[in-house]
Colleague: 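Sharing a structure here in structure tokens format.
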Amino acid sequence: MSDDAEVRLCDQEQINEFGRLNNRLLELRAEIKQAESDCVTLDDAITDVSMVVEGKIMLFMGETFLETDEDYAANYCEKKLEQMKEKINKMKEEETKINTRQTDLKKNLYERFG
């Protein structure tokens, strides 16, 4: 290895890919953090719904509140919570793939440039 190694096109492409992956990783971690926060909120909502003693519950959907019964609201929140957990798992899988690819790129680039 020489101190003044030239940057080849394939090297530059790997550097660019690493940068894109790094940006995606930052976005993904923010999305995971927000989704985990949303899960806590949904879990709290499920707890609140279970404390209702007979009566109707106002469920916020889109831009409107709908009057529902306890069972519907609980099922709705549990379904949303399950969907959110699946989304978090998929995002964590993507995060793992990105980390693995970045490790490979680092290895290749360090071999070339030291």
Side-chain angles (χ1 to χ4, degrees):
M1 276 186 237
S2 67
D3 292 336
D4 56 343
E6 288 186 36
V7 178
R8 301 174 300 193
L9 178 61
C10 63
D11 300 330
Q12 188 60 52
E13 288 171 348
Q14 288 182 345
I15 293 167
N16 293 344
E17 180 182 358
F18 186 88
R20 284 190 305 274
L21 289 172
N22 199 51
N23 288 337
R24 177 62 184 141
L25 191 58
L26 293 174
E27 291 171 1
L28 197 56
R29 287 180 177 159
E31 290 173 16
I32 290 171
K33 185 176 180 180
Q34 181 60 49
E36 288 173 341
S37 174
D38 292 347
C39 279
V40 170
T41 302
L42 280 169
D43 195 42
D44 290 345
I46 292 169
T47 302
D48 290 346
V49 166
S50 69
M51 287 192 219
V52 171
V53 179
E54 294 188 36
K56 297 293 180 179
I57 296 173
M58 298 301 285
L59 188 62
F60 186 66
M61 297 178 93
E63 296 180 6
T64 272
F65 284 96
L66 300 174
E67 191 173 293
T68 65
D69 62 9
E70 179 185 345
D71 290 336
Y72 180 83
N75 288 337
Y76 176 82
C77 290
E78 288 170 0
K79 181 180 172 185
K80 285 291 186 183
L81 181 60
E82 188 60 37
Q83 289 172 348
M84 190 61 66
K85 286 180 179 180
E86 288 175 18
K87 182 179 177 182
I88 290 170
N89 287 337
K90 287 179 183 178
M91 288 188 291
K92 286 185 176 183
E93 287 175 13
E94 183 181 352
E95 180 183 26
T96 300
K97 289 177 184 178
I98 289 172
N99 284 327
T100 301
R101 180 63 183 148
Q102 281 187 317
T103 300
D104 292 343
L105 289 169
K106 280 184 205 177
K107 180 183 169 208
N108 292 342
L109 291 168
Y110 280 127
E111 284 176 2
R112 172 97 169 107
F113 297 107

Colleague: List the steps, then state whether side-chain contact (heavy atoms from CB on, under 4.5 Å) holds for I98 with E94.
Modeller: CA-CA 6 Å; I98 289 172; E94 183 181 352; 4.0 Å; yes

Colleague: Test your reading of the model: is there a side-chain donor-acceptor pair from S50 to the backbone of T47, 3.5 Å cut-off?
Modeller: yes

Colleague: Walk me through it: do I57 and Y72 pass the test side-chain contact (heavy atoms from CB on, under 4.5 Å)?
Modeller: CA-CA 9 Å; I57 296 173; Y72 180 83; over 6 Å; no

Colleague: Can R112 and D11 be counted as an ion pair, charged N to O under 4.0 angstrom?
Modeller: yes

Colleague: Nearest 0.5 Å, what's the CG-CZ distance between L21 and R101?
Modeller: 7.5 Å

Colleague: Do S37 side-chain atoms and K33 backbone N/O form a donor-acceptor pair below 3.5 Å?
Modeller: no

Colleague: Under the side-chain contact (heavy atoms from CB on, under 4.5 Å) rule, what do K56 and T68 come out as? Steps first, then yes or no, please.
Modeller: CA-CA 6 Å; K56 297 293 180 179; T68 65; over 6 Å; no

Colleague: Which is it for T100 and K97 under the side-chain contact (heavy atoms from CB on, under 4.5 Å) test, yes or no, and what are the steps along the way?
Modeller: CA-CA 5 Å; T100 301; K97 289 177 184 178; 5.7 Å; no

Colleague: Is the backbone N or O of D71 less than 3.5 Å from a side-chain atom of N75, with the two atoms forming a donor-acceptor pair by type?
Modeller: yes

Colleague: About how many Å separate CG of N108 and CZ of F18, when rounded to the nearest 0.5 Å?
Modeller: 12.0 Å

Colleague: Taking 4.0 angstrom as the limit, do R24 and E31 come out as a salt bridge?
Modeller: yes

Colleague: Counting C-beta onward and ignoring hydrogens, is there a side-chain heavy-atom pair between E82 and E78 closer than 4.5 Å?
Modeller: no

Colleague: Does any donor atom in the side chain of N23 or E27 lie under 3.5 Å from an acceptor atom in the other side chain?
Modeller: no

Colleague: How far apart are the closest heavy atoms of L28 and M91, and which atoms are they?
Modeller: CD2-O, 3.4 Å

Colleague: When you compare the side chain of K92 with that of T96, does any pair of heavy atoms fall below 4.5 Å?
Modeller: no

Colleague: To the nearest 0.5 Å, what is the distance between CG (L81) and CD (E86)?
Modeller: 10.5 Å

Colleague: Under 4.5 Å between any side-chain heavy atoms of N99 and E95, yes or no?
Modeller: yes

Colleague: Please check if any side-chain donor atom of Q34 sits under 3.5 Å from a side-chain acceptor atom of D38, or the reverse.
Modeller: yes

Colleague: Can you find a pair of side-chain heavy atoms, one from L66 and one from M58, that are under 4.5 Å apart?
Modeller: no

Colleague: State the CD-CG distance between Q14 and D104, to the nearest 0.5 angstrom.
Modeller: 10.0 Å

Colleague: Would you give the length of the straight line joining atom OH of Y76 to atom CG of L59, rounded to the nearest 0.5 angstrom?
Modeller: 6.0 Å

